[in-house]
Each structure stands twice: as C-alpha cells, then as structure tokens.
Amino acid sequence: MKLEKLILHNFMAYKGDHEIDFGVSSHSPLILFLGENGHGKSTIQNACKWCLYDQTTEMPNSDLINRKAYAEQPNDPGLSMSVTLSWADEGKSYELFRSWEPNGKDSTNSHPILRIDGGNAVPANSVQDYVQRFLAKEISHFFFFDGETQKEFDAMATSKNGSGSIRSEIEKTLSIPVISDAVNWFKVKQAEESDALVKANKQNENIKKAGLALENERKLRNTLQEELNDQLVKLSEASKRIEAVEAELATMQESQELSEAIAGLRGEKTALATLRKEKFQFITDALSHNVFWAPLAIKLSAIQNQVVSQIEVTQKAFDENKEIATTIDYLHRIESNGFCPVCKSDHSQDKSKFVDEIARLRARIQATTQSDLTELEDKAKLFEQFSFNSDLYVDLRNIQKEYDSLGSELAKVENKIRDLEIKRGHSPSQDVQIAVSSLKNLMDDKTLATRNIEDYKENLAAADKRISKLESAVGKEISPEKRIAHNAFSYLLEIFESSKEVYVADVREQVQKYSSETFLKIISDKKYTGLRINENFGVELVLPDGRTDPLRSTGQGKVSTISLVSGLIKTAMDEGFILMDTPFVSLDIGHRAAVCKWASESGLKVSLFMHSGEFVWDRDSHYFQGHVGKIYRIEKIDDDESRVTLETL
Amino acid sequence: MKMNESVQVTISDRGDEICEELKRQGYFPEKQDAYVYAICLAIALDLPIDKSITTPNNKWHAAAVFHAPGRDLSSVMTLMGIPEDEIVSRGKMLAEAGLRHIEEKRLSQADLVDVLLNTRGQ
Amino acid sequence: MSESNVALDLLLRAVIQQHRSNMLDPIADKSHTSIFTEQELSEIVRALWLDRYSDNRSNFQKTVGALITDKVSKA
C-alpha cells in the first residue's frame, strides 16, 4: 500500500482545504513534517485514521470539525468536514473521501465514498471491507506510529513475554490468526464431512440389507413374471380355441343353411330330370314307333307334297282328256250325221270345220294315263303305310326344344348345387352339441386365466414398487464424491496445521532478520549482534556468543520498536509506509542519526513528524544524507487554525 | 377297328353292340328299333356305305326291321327311291352306316337326341 | 522470494514444501496427497491471504469450495 495524497477540509485545526502529497522518489523516500507541539502534526495521522476508520482520538465528529469554520457558518447546510486519502496498491489507485455535515440530513454519522481508479463509488457498506484489506485497523498503529504505540512497545521491551496486545497485533500483521482461522474452518468442514461419512456408513449397512432384500425381490418378481407369462399363454390358447370353435359353430350354421339350399336344388334337379326324362321317353318312343322316319321328315314332306300335286295335275289332265274325248266323240257324230242335236242345225256343208276342231282337240289331249295316276296314287298310299304326318315331326321338334330347355335348366341347377357344395366344403366332424360344450369349457378356462393374470399383474406391480424403493436405497451407497470432499478437507487441515508452525517460525525469523538489520543500523552499542524475537514476540538483544540480554533502556526499547515495526512492515506488506510521530524521543543524537539513516535506507516510505526540539533542519538534515523527498511545515495560525505548507528543498 | 377288315367282328355284331348301348341308354327299346332309325338317318344324311361288307340275311330280322306293322320302313325307303329288291341289302348297309354315325357322335359327346332328330341336317 | 510480500511468500513456501514432503513420504495416504496440485494449494493460500482482513473470509471459503466441488464432480 503506497500513500499518495491526503486532503483535509475543516478537519481539526485545518480550516478549509489542505493538501499533503506523499509522492516521493525511491531514493528520497523521506517526508518530514516539522512543527511545534500542538500545531497540528498529530492531526495529520488523526486525519488518516479518521478517514480510514471513522474514528480517531475517541472524539465525536462535532469536536473534530474546525471550530473557526463552524463558528463562521454554524447553520450552513453546506458546512462540512472531510478528509480525502488516496493510495495505490497492486496497480490500482484508491481514493477514500469521508465527510461529515453538521447540518446535513444525517449529522450523526460520517459518510465514506471510495472510488477505485476514478470509477463509480463502491457501495457504502463495503468501504470498510476494502479498508480492512489494505490497512486493518487492528494493525494500523504500526503504520501510524505514535505515542500510544510507543508506550505499548516500551512495556513489551521490558518483558520477555512481550506485550499481549502488541503480540496479538504482530500476529495479526503477520496473518498468523488467519492461518489458525483457516485451520479451524478446515476442521469444521472435515468434521461435517466425517459426520456425513459416518451417516453414509450407517446407511451402507442398511444399503447392504437393502441389497439382499432387492436380490430376493428380483427373484420373486422373475417367478411372478414366469407364472404370468404362463397364464398369458393359457389365455391366448383358450382365446384361439374359442375363436376356432366359434368359427366352427358359425360354419356349422352356414353349412346347415347351405345343405338346406342344396337339398332344395336337388329336389328341383330331380323334378327337372324327371320331366326331362319324360320328354326323352316321349321322344325315344316316337323315334321307335310312329316317327321313326323323323330324320327324313322334311324330305318325305316334300315328296308327299309333290305327289299330291302331281296327282292333282294328273287327275286334272285325265279329266280334261276325258272331256276332250267326249267332245271329239260328239263332233264325230256331227261330222258323220251333219246334224247337231244341240243346236238342231245342219252342218253338212262345214264338216271341215269339225275336222279341224277335232284335230285341235286331239292335239290338246295330254299324255297321261290311268296307270300314271294309279302309280301316283299308289305312291301316295305309301305315306299311309307308315302313317306319315309332318305335324308329328313338328310336335316332336317342340318336345325336343322342351327337352333341351330342361337340359339347360338342369345344368344350371347342377352348377348351383356344385357351387354350394364347394362353398359348404367339408362338413364339420363334430356335432353342434359337442362344439357348444367345448366352447363352454374354453370360456371357463379363459375366465380363470384372465383372473389369474390380473392377480399376477397386481402382485408384479407391488413387487416393482418394492424393488424400486430398494433400488433407490441401494443407489444411495456412499459415493466416492463424499470421500473426496472429506479427504480434501482433511488434507488441507493437515497441511495448514503443519505449515502454520513452519510459517510462524519462518515469519518470526524473517521479522527477526529484518528487525536485526534495522536494529544494527540504528543502535550505537556495537556489542549486540542483533535482535532476537522470541516465540512470544518479546524482543531480546543478542550478544556475540549467542546469549541474549533483555532490553534495559528506553533508548534500546525505542530502537527495538522501530526495528521491530520496520521488520514487521517489510515482512507483512507489499509496499510499506510508516508515519512516525516524535520518533526521536528518548534517543540521543547518535541514535537519532542512526534512525535518520535507517529511515533513508529502509525501503519504506517513512514520514517523520518532529518538533524543533527533536530536529533542526540546518543542524540535522545531514543525518538523512539527502534522502528527504519533501518537508511540510506545520504552523499554527491561531488557536483554531493551522496550516501545512510544502517547503522547497 | 377298321370297317373293311375281313377278320373283324361283323358289322352287324358291331351294330348289335351299338344297338345294345343305345338300348341301355334308353334311346331305343329294341335293337331293331335302332336299326330302323339308323337306316332313316343314313338315308337322310346320305351317309357313305361300305358295300363290301355283307351280313347274311338271316341275321337280319328283315320283317321286324322293314315290315313291322305300324312301322313300314320299306315304304319309306321306296319313297326315298330305293328299288324294292334292294331294300334289304341296301338297308343293312345303311343301318351299319347309320349306327356307326350315331356311335361316332355318341363318343364325341354330341347331343344324341339332336343327332337322331337330325335337326342340323334338315 | 520477492520482498514485496515476504509473509505471503513464506506461507506459500511452508505449504508447498509440506505438500512436497507428503508426496515423497512413502507411507502417506496417496488418496489425500494427490487431491490437490501445488498450483491449487497456492491458489488457496493466496485466496486466504487476500481475505485475511475480511470478516467472514467468504471469498477464501468459496475458492476452496469451488476447487473441491470441481474435484467431486470429476470423480
């Protein structure tokens, strides 16, 4: 932590704004604050503490505000007292502004505002955390080294056991309690994890039992499942057989219906066949008897017609011939007599006419004879011999058509019968009674299987529930993670516990080393080889032979204090600073010079607050060997006002 | 069996077999009825006859075939132009041809009633 | 060892050397000693150091908690 700037406003003796710049170079790291007693030197440290911790000298804020400023405008709402402290740490800059307004909304408390790198203010309730991080209040008086601190160190100097409070604060500065706190926290966490493991182990016993129970339950479940599967198979078989029997019954019914239809058709077929047979019989009878000539019917009919026609023609011709003959005979008589009996005329003179007529008539006589006629009549009689009647053939043909028609119908009926028979298929082997009885038995089997299945399913569900419970119980076996957490905390406890001792020894040794270095630079009595800081942080002087001497003088105490503080700061802080108030009290010139020399070479940012009794620039500045970076002169203007001024070197 | 083989069963024997079959099937009550019908059918269809085959007359119940009362086949044959002295001899051959034709049709599953009535030939 | 924060360096050294000693110890419980790496132990020490003036050391505890949780989750 590196102080940068301090601005006071109406704080204690400092009315208005007063700025102190702590910036110095590394080879001129010293800042001197020179002023007489009561002029306001201590106020600088007070201001730092008030800004950081809201507390200084146990005075209320109302007593801290500059009296003159207050008196000038006691009711001014804008009246305020403030201190701004700037510092840098690990590359970041911090500015803490604390103010108090006597006439403000909250005049009870001061108000801190902390900005980091010029950014927004951090939340008000976290300001203290930040401050503690940089410069904890408990160890602040190592850095703001004033009379109080000196008293405590003086007390410590005379006791081998050291001062309890200083020792505690030294340990805090070195973060020894922090390690103890960490160790305690690891213990607590380890204990928690141990408890969890113990519980888990107990759980493990239960888990083992649950595991056995789980195994048994799984076996039982498997058995239940097998039996359920059995029942399912039985159910399936019963269902299939029921289906088959029902189908059979349905088939039987259908078959019955088909059989009835077939019977009907067969009856029809029989009737048709009978009728057809009758027709057939009629036809065959006719063919065997009176219509044996059937194949020749048409031809015979034609012949008959022809014969009849010929007879007619012949008969006609014969009759005509007969008539002609009669006429000729008559004409002959006239020819011979010359007298016509009909007309009673004499035709003796025209006989030639009768001759011609007779010749003409003779020419008309057809060549037909009785035998021709007789032959035709005989032929016609032949038809009578076998009773030819073409109508019989026609009738026969009609009967044949009926016969054929019956044949077609019969064929259709036979086809229908065949189709129905195919549809009917094989008739069932068992009768309906047996099928119904079988069906009833199967239904009973099915009902029983269904009931059993429900029972098994219920039992399986219950078994599954039990198994699930047991599985989750078994699943809670101690997980490796629990052990890891326990082992981790155990190891951290172990390592920090053992490291703490080493650290305390090392850090004490380091403090001792730095302190001794400082001590030897300052102390004028060269018989001592260094400081020894014991386990209680008591300080002893080391003699060349290794023996130790207790602190005997205040001068030795002062030098030891400075050395110890120096050693502490160097050990515990990244960039240390120390504001020492009246550092030379109880020191002779030689030691003062040594302190100045140490301050110059310490590597710390040392600010010394001195009065003229301790230091006169012209007389004593050479002690600092040119390592003074700044001098601030603190002057009292009046009882209520001081000022701090940077002097030109 | 070829019709003109001399060592075969005589046609009338074959004719007898055919007639027996036709009788059995109910087409003709007696053989001679079948013969009569076969002759008419042969004349109607003008079936070719095998004149080399002869059967002794006494095997033919000529009267029963040609002159049965009420069934005068000879009159029919006369009307169809067959000389009277050839009625029996030609009748035998015609019967044979007619029976052969009927048998052929029967074996080819033809409707015999149709064949007998010669519905297609007329 | 840097002089900038000597105490922190001393603490780191103490912890790491103790850890190394444990690692080399043949009878040490390896399930313990192998949990943390040197880097992780350093991280814990630094977190503790940064939190040394806080009231509840919550950041330090969170750092340790996060490291252990990570190991548990990877187990």
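Quick note: numbers below take in every heavy atom, side chains included, and nothing from hydrogens, waters or symmetry partners. First the proteins, then the strands, lettered A, B, ... as listed; each starts at 1.
- Sparse packing is recorded around CZ of A:R241, with 12 or fewer heavy atoms of other residues, nucleotides or ligands lying under 6.0 Å away.
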For this session: Evaluate the criterion side-chain contact (heavy atoms from CB on, under 4.5 Å) for residue pair A:Y403 and B:V113; output intermediate values, then yes/no.
Result: CA-CA 9 Å; A:Y403 172 79; B:V113 170; 3.7 Å; yes
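- Contact residues of residues 75-86 of chain B toward chain A are B:S75, B:V76, B:T78, B:L79, B:M80 (heavy-atom distance under 4.5 Å).
- Looking only at side-chain heavy atoms (C-beta outward), A:L287 and B:Y27 stay at 4.5 Å or farther from each other.
- The two residues A:F292 and B:V36 come nearest to each other via the heavy atoms CD1-CG1, 3.5 Å.
- Within 6.0 Å of atom CD in A:E375, 12 or fewer heavy atoms from other residues, nucleotides or ligands are found, so the atom counts as exposed in its surroundings.
- Distance check, rounded to the nearest 0.5 Å: CD of B:E30 to OG of A:S288 gives 9.0 Å.
- No more than 12 heavy atoms of other residues, nucleotides or ligands lie within 6.0 Å of CZ in A:R364, so this atom counts as exposed by the packing criterion.
- Around atom CD of A:Q315, more than 12 heavy atoms belonging to other residues, nucleotides or ligands sit under 6.0 Å away.
- At a heavy-atom separation below 4.5 angstrom, chain B is approached by A:F280, A:I283, A:T284 within residues 274-284 of chain A.
- Here the straight-line distance linking atom CG of A:D404 with atom CG of B:D114 works out to 6.0 Å at 0.5 Å rounding.
- Taking the side-chain contact (heavy atoms from CB on, under 4.5 Å) definition, one finds that A:Q366 meets it with A:A317, A:E320, A:N321, A:T368, sequence neighbours left out.
- Atom CG of A:L396 is separated from atom CG of B:L117 by 5.0 Å, given to the nearest 0.5 angstrom.
- Using a 4.5 Å cut-off between heavy atoms, B:D72 touches chain A through backbone and side chain atoms alike.
- For A:V291, the part sitting under 4.5 Å from any heavy atom of chain B is the backbone (N, CA, C, O) and nothing else.
- In terms of the ring-ring contact (aromatic ring centres under 6.0 Å, His included) criterion, residue partners of B:F28 (sequence neighbours excluded) are, by chain and number, B:Y37.
- The contact between A:F383 and chain B is made by backbone and side chain atoms together, counting heavy-atom distances below 4.5 Å.
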